[in-house]
Amino acid sequence: GLGLTHRKAENFGEWYSEVVVNAEMIEYYDISGCYILRPWSMAIWEIMQEFFDPEIKKMKIKNCYFPLFVSPGVLQKEKDHVEGFAPEVAWVTKSGESELEIPIAIRPTSETVMYPYYSKWIRGHRDLPLKLNQWCNVVRWEFSNPTPFIRSREFLWQEGHTAFATKEEADAEVLDILELYRRIYEEYLAVPVIKGKKSELEKFAGGLYTTSVEAFIPNTGRGIQGATSHCLGQNFAKMFEINFENEKGEKAMVWQNSWAYSTRTIGVMVMVHGDDKGLVLPPKVASVQVIVIPVPYKDADTQGIFDACSATVNALSEAGIRAESDFRDNYSPGWKYSHWEMKGVPLRIEIGPKDLANKQVRAVRRDNGAKIDIASADLAVEIKKLLDNIQQNLFDIAKQKRDECIQIVHTWDEFVQALNQRKMILAPWCDEEEVEADVKARTKGEMGAAKTLCSPFDQPELPEGTKCFASGKPATKWTYWGRSY
Ligand SMILES: O=C1CCCN[C@@H]1CCCn1cnc2cc(F)c(F)cc2c1=O
Ligand SMILES: [Mg+2]
C-alpha cells in the first residue's frame with residue numbers, strides 16, 4: 001500500500017532509500033553503487049542545468065566534450081593527486097574476448113584528459129583565457145556505503161576547466177563560480193549553504209586552494225560538500241607544460257581553476273526537505289508544480305468537474321506554471337493525494353461539486369498542509385504567490401533547522417560534546433595541518449572522524465589571544481568542523 005514504512009527521525013537511511021524509490025526518482029540497479037535516474041529526478045537535474053549553463057555562457061565559458069577514456073601514462077602523470085585515488089579508478093582491460101595490450105582508465109575527473117590539449121592549444125597570451133566546461137558522467141569505484149545521489153560509482157556533473165594569464169583572473173572566477181553554486185542551493189534547492197575555504201588537509205591535493213559550499217544534514221548531524229571551486233595555481237601548468245608567451249615576450253605558465261557540482265545536489269535536497277509523507281520539492285525545481293485532481297461525486301456533474309480541471313491546468317500553464325491533471329479513473333482521489341504527496345508536488349488543487357458551484361478551487365500546500373480556497377478568477381496570480389511562498393518557507397525552515405545545529409565551542413571538551421550531539425561545530429583553530437590530523441585521530445570511531453568542513457569567508461570576530469580549541473596554540477581563524485559524508 002501507499003505510505004512510507006520508515007520515519008525520517010527514526011531510521012534516516014531506510015527512510016531516504018524508500019523516499020527516492022517511492023517518489024519514482026531512483027530505480028536500484030543490479031550493479032552495486034549504480035542507480036537509474038528516472039524522469040522525476042532527471043527533470044531536477046535539467047532545471048538546474050537550465051540555470052547554470054546560461055550563466056557560465058554569460059562568462060564566455062564554452063561547452064566541449066572530451067573522451068571518457070584515459071591512457072594510463074597520462075593519468076599517472078600527476079603523482080600526488082592521483083596516487084591517493086588509485087583504488088577508485090575503473091579500468092577497461094578487454095574488448096570482446098581479447099585482452100587489451102594496455103588497460104584504459106575510465107575518467108574519474110578530466111584534468112589529465114584535457115590538459116595535454118590545453119598545452120597544445122595555448123601558445124600566446126591571445127589564446128587566453130581558455131575557459132571550457134563539460135557536462136558528463138564520471139566513474140569512481142568507491143567502496144564506502146553507496147547512497148543514491150550522494151555517493152555512487154557513476155554520477156553526472158559539470159566540470160569546468162579554465163586557464164588564465166594572471167592569478168587575479170583565476171581568483172576572481174573561483175568566487176564567481178562559487179556564487180553560482182550558492183544560488184543553485186539557496187535559490188533553487190532551498191538549501192542553506194556556507195561558503196568557505198577548505199583546509200590544507202581537505203583541499204584538492206593537486207591544487208593551490210579549494211573553496212566550497214557546505215551543506216548540513218540535521219538528521220544525521222553530518223556536513224556534506226555541496227559543490228567545489230578550486231584554484232589550481234600553476235601546478236598543472238608545470239606538470240603539463242601549459243605555457244604562453246606573455247606581452248613582454250617571456251614564457252609564462254598559466255593560472256588554472258577547476259570546478260564542479262554533481263547529481264549529489266539532488267540527494268541533499270531530498271534529505272533536507274523530505275518528510276514522513278515522502279519527497280518535498282521546492283517549486284523552483286519541481287517538474288510538476290501543481291497537480292489538479294478531480295473529485296467527482298456520484299451523480300454530480302462529472303464532465304463539468306473534468307472541464308474545470310482542464311481549464312485550470314490551461315490557465316496555470318499559460319501563466320508559466322508547470323501544472324498537470326490526474327484524470328486516471330482507476331485511482332480514488334484519496335489515493336492520488338497520497339501518491340502526489342509522496343512525489344513531493346508543491347501544490348495540489350482539488351475540484352469537487354462544491355468548488356465548481358462556487359467557481360473556486362481548493363489548493364493544498366505540500367510543505368505545511370494548509371488548505372486555501374481560491375476563486376477561479378484569481379487563480380494564476382494566487383497560485384504563483386503560493387509557490388513563491390512555499391519556496392521561501394522551505395528555505396527559511398531549512399535555515400532555521402541548520403542554524404539550530406550550529407554550536408560554537410572554545411575547548412576540546414565542548415567540541416567532543418557538540419560532536420556527540422550531532423552538531424556543526426564552529427571553533428577557533430590554529431590552522432595547523434597536524435592539529436587537524438590529530439583531531440581526526442582522536443575522534444575516529446564507527447560514526448567516522450570529525451574533520452574540517454570549511455573556514456567560512458564570513459569570519460566572526462576573533463578576539464586577540466583566543467586559543468585553538470584542539471591545540472591551545474593561538475587561533476588564527478574560525479572553522480566549521482563536523483562528521484561528514
Ligand atoms: O573537484 C574537482 C572539480 C572538477 C574537476 N576535478 C576537480 C578535482 C577532483 C579531485 N579528484 C577527486 N576524485 C578522484 C578520484 C580518482 F579516482 C582520481 F583518479 C582522481 C580524483 C580527483 O582528482
Ligand atoms: Mg572521493
Side-chain angles (χ1 to χ4, degrees), residues 33 52 56 61 63-66 68-92 103-115 117-118 130-147 149-163 170 173-178 180-181 184 197-198 200-214 222-233 235-236 239-240 256-265 267 448 451 454 484-485:
F52 190 80
I56 59 173
I61 294 159
N63 283 329
C64 60
Y65 187 80
F66 280 75
L68 172 71
F69 304 110
V70 200
S71 45
V74 156
L75 186 82
Q76 271 116 22
K77 188 157 184 122
E78 216 278 338
K79 267 280 160 267
D80 71 3
H81 115 256
V82 171
E83 67 187 5
F85 291 117
E88 293 181 16
V89 178
W91 294 88
V92 180
I104 293 167
I106 296 176
R107 70 179 165 227
T109 180
S110 299
E111 280 80 1
T112 58
V113 173
M114 298 169 79
Y115 297 169
Y117 301 93
Y118 277 37
L130 176 62
K131 306 195 281 192
L132 300 180
N133 176 68
Q134 63 178 14
W135 294 93
C136 65
N137 63 334
V138 284
V139 173
R140 296 174 184 177
W141 218 255
E142 307 245 12
F143 289 90
S144 45
N145 47 323
T147 309
F149 301 118
I150 300 296
R151 192 181 295 108
S152 53
R153 287 177 158 168
E154 176 188 12
F155 57 87
L156 304 182
W157 74 351
Q158 56 65 221
E159 49 178 317
H161 294 268
T162 53
E173 189 205 60
V174 166
L175 297 179
D176 290 344
I177 295 294
L178 198 68
L180 291 181
Y181 292 154
I184 283 175
K197 191 171 176 238
K198 285 285 186 188
E200 281 306 294
L201 196 62
E202 287 302 316
K203 78 173 189 181
F204 171 30
L208 181 60
Y209 64 84
T210 292
T211 69
S212 64
V213 285
E214 299 291 333
R222 287 176 181 273
I224 183 162
Q225 181 180 288
T228 183
S229 183
H230 312 283
C231 176
L232 307 180
N235 301 353
F236 283 90
M239 222 180 305
F240 289 92
Q256 290 175 271
N257 295 336
S258 74
W259 27 271
Y261 79 95
S262 73
T263 37
R264 161 178 284 199
T265 49
K451 58 168 67 166
C454 77
S484 74
Y485 283 87

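As the structure lists them, so they are numbered: ligands from 1, and atoms in each ligand from 1.
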Under-4.0 Å heavy-atom contact with ligand 1, by part of W259 that carries it: backbone
No-hydrogen, no-angle side-chain donor-acceptor test under 3.5 Å, E159 and S110: yes
F204 and ligand 1 - part of the residue with a heavy-atom distance under 4.0 Å: side chain
Sub-3.5 Å N/O-N/O distance, E88 and ligand 1: no
Separation of F66 CZ from R107 CZ (nearest 0.5 Å): 10.5 Å
Numbering as shown, the atoms of ligand 1 that approach E111 to under 4.0 Å (heavy-atom distance): 5 (C), 6 (N), 7 (C), 8 (C)
Backbone or side-chain N or O of E159 under 3.5 Å from ligand 1 N or O: no
Worked check of side chain to side chain donor-acceptor pair (under 3.5 Å) between H230 and T210: CA-CA 4 Å; H230 312 283; T210 292; 2.7 Å; yes
Pair T109-E111, side-chain donor/acceptor within less than 3.5 Å: yes
Ring-ring centroid check F155 F149, cutoff 6.0 Å: no
Element-labelled atoms of ligand 1 that are located less than 4.0 Å from some non-hydrogen atom of A260: 3 (C), 4 (C)
W157 to ligand 1, any heavy atom closer than 4.0 Å: yes
Partner set under salt bridge (charged side-chain N to carboxylate O under 4.0 Å, His left out) for E154, not counting sequence neighbours: none
Stepwise ring-ring contact (aromatic ring centres under 6.0 Å, His included) check, F236 with Y118: CA-CA 10 Å; F236 283 90; Y118 277 37; over 10 Å; no
Salt bridge (charged side-chain N to carboxylate O under 4.0 Å, His left out) involving K198 - partner list, sequence neighbours excluded: E214
Interfacing atoms of ligand 1 (cut-off 4.0 Å, heavy-atom, T228): 1 (O)
Where ligand 1 meets H161 - atom numbers and elements under 4.0 angstrom, heavy-atom basis: 5 (C)
Subset of ligand 1 atoms that lie under 4.0 Å from at least one heavy atom of H230: 1 (O), 2 (C), 3 (C), 7 (C), 8 (C)
Subset of ligand 1 atoms that lie under 4.0 Å from at least one heavy atom of P108: 15 (C), 16 (C), 17 (F), 18 (C), 19 (F)
